[in-house]
2 protein chains.
Amino acid sequence: MARTQGSHSDITGPKVRDAALRLFARHGFAAVSMRQIATEVGVQAGALYNYTPDKQSLLFDLLKGHMDDLLAGWSQEAAHVDVTDPAAALEAFTRFHIRFNTQRADAVFISYMELRNLSPENFDAIGALRRDYESSLEEILRRGAQAGVFVVQEPRITAMALIAMLTGVNTWFREQGRLSRPEVETLYWNLVRHSVGT
Amino acid sequence: MARTQGSHSDITGPKVRDAALRLFARHGFAAVSMRQIATEVGVQAGALYNYTPDKQSLLFDLLKGHMDDLLAGWSQEAAHVDVTDPAAALEAFTRFHIRFNTQRADAVFISYMELRNLSPENFDAIGALRRDYESSLEEILRRGAQAGVFVVQEPRITAMALIAMLTGVNTWFREQGRLSRPEVETLYWNLVRHSVGT
């Protein structure tokens, strides 16, 4: 049966995911029970199973949703970038990554934290999405090196190194801090571009 | 009463820490019980309390021990570096950080993952040790910038950015992989030195 927009299910589903994300990030996946998630949402524990078959599915949905959003976000961003200009593409990637991740601190945190708690097949699925994302940066680096704009040994490892550096912003960035998000983006863009010799 | 070297306590203490480290890294602090740690060590649950008052103390000991070793290791390394040569100091720091961290993957992992499970005072103590370590890199960057060897805006943030990049090696490095540890060190040293314009 088709659901009416704004039905009970449509509202509760996102609430369940939000509550699970918040609780997993604060206490860790293993320490949080379905009962706690239900209490946080304000429904009976049994009602939770209308929205998710189990805690593992909930974790996977959160991690997969985060990676899907990241890939879709970058794909949308990349559509506006001149692909023949590697430096412009690298700058767009740098700014996008910082902007996207600093706005989703809990999702980024559990995406690193809770990988070990995914079932093997779910772990593989998230791993494949991560590799897709790393490949998009690797491709920019390869193209820049071929064009003689970048100096890059080992484009795959360099992509992982730069992503680790950019994700690190989340450990210290505060919304109301001394530096605005665009200022932080510019600071890291300077590190990134120098690191590949441009 | 003074302990004889090699006594039961001297052997079991490190075994308890090793077992706790392994179990915390695999399952997460919250999911591991003192009973499981005792089983892993091969002692009765009650006997564990001869070595540690509780699970929180065990976690703090592991995280503090890791930071103490890191700071002592760098201090030892830095003693051999010509402090008037900022590039040499930065290279030494880069190589030391990768070498030290890739040899202690579990300790590095729980040092990031389990910060949220420290009591407030333990959290502050670990935070202070981390800031000390970041300051040692910040100092190298400041000295290099003053000497006109490096181009560095925001030395503190740059130090955190570089540490995040270097620690990221742990997510992909494998002891028997295609690249040896010294090759990885050289690869990252090139990224680091270019990122600060040298």
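In what follows, every chain begins at residue 1, and chains take the letters A, B, ... in the order their sequences are listed.
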Counting heavy-atom pairs under 4.5 angstrom with chain B, the leader among A:E154, A:M160, A:R193, A:Q153 is A:E154

Less than 4.0 Å between a side-chain N and a carboxylate O, is that true for A:D68 and A:K64? yes

Is it true that the side chains of A:D132 and A:S135 contain a donor and an acceptor less than 3.5 Å apart? no

Top of A:N117, A:I157, A:V196, A:V192 for chain B proximity - count of heavy-atom pairs under 4.5 angstrom: A:I157

For A:E114 and A:F29, indicate whether the former's side chain and the latter's backbone hold a donor-acceptor pair under 3.5 Å. yes

Scored by heavy-atom pairs under 4.5 Å with chain A, the best of B:G28, B:G168, B:A31, B:A30 is B:G28

Any side-chain donor near an acceptor of the partner, B:R95 and B:T186, under 3.5 Å: yes

Taking side chain as everything from C-beta outward and backbone as N, CA, C, O, which of these in B:R178 sits under 4.5 Å from a heavy atom of chain A? Side chain, backbone, both or neither. side chain

Between A:H97 and A:N101, do the side chains contain a donor N or O and an acceptor N or O under 3.5 Å apart? yes

Part of B:R26 lying under 4.5 Å from any heavy atom of chain A: backbone

